[in-house]
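Structure record follows, encoded as structure tokens.
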Amino acid sequence: MSESDPIHKSDFIRDIIAEDLASGVHATTITRFPPEPNGYLHIGHAKSICLNFGIAEENSKTGAKCHLRFDDTNPEKEESEYVESIKRDVRWLGFDWGDDLYFASNYFGFFHECALHLIKAGKAYVENESAEEMRIKRGNLTTHGTHSAYRDRSVEENLALFEKMRRGEFKEGECVLRAKIDMASPNMNMRDPVLYRIMHTPHHNTGDAWCIYPMYDFAHPLEDALEHITHSLCTLEFENHRPLYDWFIENCPVPSKPRQIEFARLNLTYTVMSKRKLLQLVQEGHVDGWDDPRLPTISGLRRRGYPAAAIRDFCKRIGITKFNGTTDVALLEFEVRDYLNRSAPRRMAVLDPVKVVLENWLDEPLAKALVSNHPQNPDMGEREVAMSGAVWIEREDFMEDPPKKFYRLGPGRCVRLRGGHIIRCVSYDKDADDQVSLIRAEIIPGTVGVDAPEGIECRAAIHWVDVADGVDAEVRLYDRLFGVEDPDAAEGGFLTVLNPHSLKKITAKVEPLLLAAEAGFVCQFERVGYFVADEVEHQPGQRAVFNRSVALKDSWGKQAGR
Ligand code: ATP
Ligand code: MG
């Protein structure tokens, strides 16, 4: 982050780390991003990625690093498709884990050692009570828990039973290993939590080497400690797990003591972020896969044409705090628009075309119009756009009976075709449905590249596509996937508030340059919005397919003076 960065901000976590480095508590900082490979990453993960990898980057002079660690201790849920997608997304966001790629499943031996260590110290026991009995005996926030009948088993008996668990001599659910901490603790997490459970399920990495698997709460702090993570950054819901994590760190033979710091997770309006819900949307076909541009997944946002830099800017702008809240998705759209406004070249496309015949075309032929690629950035140059005697314009740029402040085309009125002549509407036809079907206009000679001559009122320039030269493109107009701000709170469940109009496919007329564009090319369709050539279906030279990234905020008022 440079000093000139307009949204450069520090936060309480960066402050703590800076202090630790300054005071010598640590010589450097090692953070980690620890996804469970059971789904695709979403914009919430991007917040965590930008924080963890960002801190490593900012402190690189001290040798700081950020690990990418797959938290793959649960054998039932992980898939290699997810591992690959997560790597791709982290890289695409602009971050690099270097050699520091880890899989928690490689630490199964270490977790087991730690469990044995706790048993030998009299701090863990094999529990034979059922899950239901355990639940009842745990008590609640107002009553203490009660001790299990098996809590005072001898170390020898516990070691023997745990070994039998490991060898697969018990059925799933027959027993578990529990920590022996404090059944009267006001913190429920400290009431003898389960450390290990039996699962006769092979693991994608370790095969059937294990039939006992560590619980998340036990494994996670040990993973951090084993990797010498200095600052373990997680979301607020883990705040009251911290005493338990600290207890594991204190009582297990670990090589380092990570410090956990919690921050607020990202929630966004008009979307859902839980992996379970995203999976359901994908599996039940409410969207077209994990990379559907309507999803808040990183791959969906990429396919929608959101630049990685805009997502990073968004994460910087929302900052890191301790307060849970919901961020307006409009802020993300703002960052995308802001970034693309500066960087995206302009092109012309007509989404709702109506034909304009230029009746006196032959009197003043202009084979090519010169159109600027970015009006605020002359460095992006100009391009030639072929023009013949007929053009498509946007239906809404013509009004039969326009009010005074409408500066575009109407009977007898003038408008400029971007980069070309001023034209005046002479007459128009309507079809059986009372829709304008054809407009006839005359070009005003000598008006290319010069101001409107005396007596001609022309205050706006509109985009157009040449009828002879233009090509068809499939354009997908994406809108929010949900019709309400908080789909998670919908009475009938989030699926009942899906927005039925979240995708509209139309055929537009576009410049031939857009057919030639590479997949992933992002531009502004002038006066319409920002669009990206679809990663999957756009085929240069064959088939033009564009996705709307974000609409332009445009109104009549802004047209004036163009
Ligand atoms: P689940 O645990 O339900 O599978 P998760 O969102 O916690 O889902 P993980 O793969 O465990 O998924 O997340 C990896 C990291 O991303 C965690 O460190 C987590 O804190 C962080 N993270 C997840 N969701 C958000 C969010 N909405 N905002 C900020 N960080 C998040
Ligand atoms: Mg999680």
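Start at 1 and go down the list; that is how both ligands and their atoms are numbered. Values below: all heavy atoms of this structure, side chains included; hydrogens, waters and symmetry mates excluded. Only a predicted model underlies this, so the values are computations on that prediction, with no experimental measurement involved.
Closest approach of Ala115 to Phe218, counting heavy atoms only: N-CZ, 4.0 Å.
In this structure, Phe33 has its ring center no closer than 6.0 Å to that of Phe95.
The closest approach between His42 and ligand 1 falls below 4.0 Å for a heavy atom of the residue.
Under 4.0 Å from ligand 1, not a single heavy atom of Ser274 appears. With a heavy-atom cut-off of 4.0 Å, Phe238 does not touch ligand 1 at all. At a 4.0 Å heavy-atom cut-off, ligand 1 does not touch Asp71 at all.
In the vicinity of Lys275, heavy-atom distances shorter than 4.0 Å reach the ligand 1 atoms 1 (P), 4 (O), 5 (P), 8 (O), 9 (P), 10 (O), 12 (O). Close contacts between ligand 1 and Leu266 involve ligand atoms 26 (C), 27 (N), 28 (N), 29 (C) [criterion: under 4.0 Å to a heavy atom]. Interface of Phe33 with ligand 1, defined as ligand atoms under 4.0 Å from a residue heavy atom, comprises 14 (C), 15 (C), 16 (O).
Classification of Arg480 and Glu333 as a salt-bridged pair holds, one side-chain N sitting under 4.0 Å from a carboxylate O.
Using a 4.5 Å heavy-atom threshold, the side chains of Trp97 and Lys65 count as separate.
With Glu36, Lys47, Met273 as candidates, the residue nearest to atom 11 (O) of ligand 1 on a non-hydrogen basis is Glu36.
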Give the table of side-chain donor-acceptor pairs shorter than 3.5 Å for residues 206-215, with sequence neighbours excluded, one pair per line with atom names and distance.
residue : atom : partner : partner atom : Å
Tyr213  : OH   : Thr201  : O            : 2.8
Tyr213  : OH   : Trp210  : O            : 3.2

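Shown here is His144, whose NE2 atom has no more than 12 heavy atoms of other residues, nucleotides or ligands within 6.0 Å.
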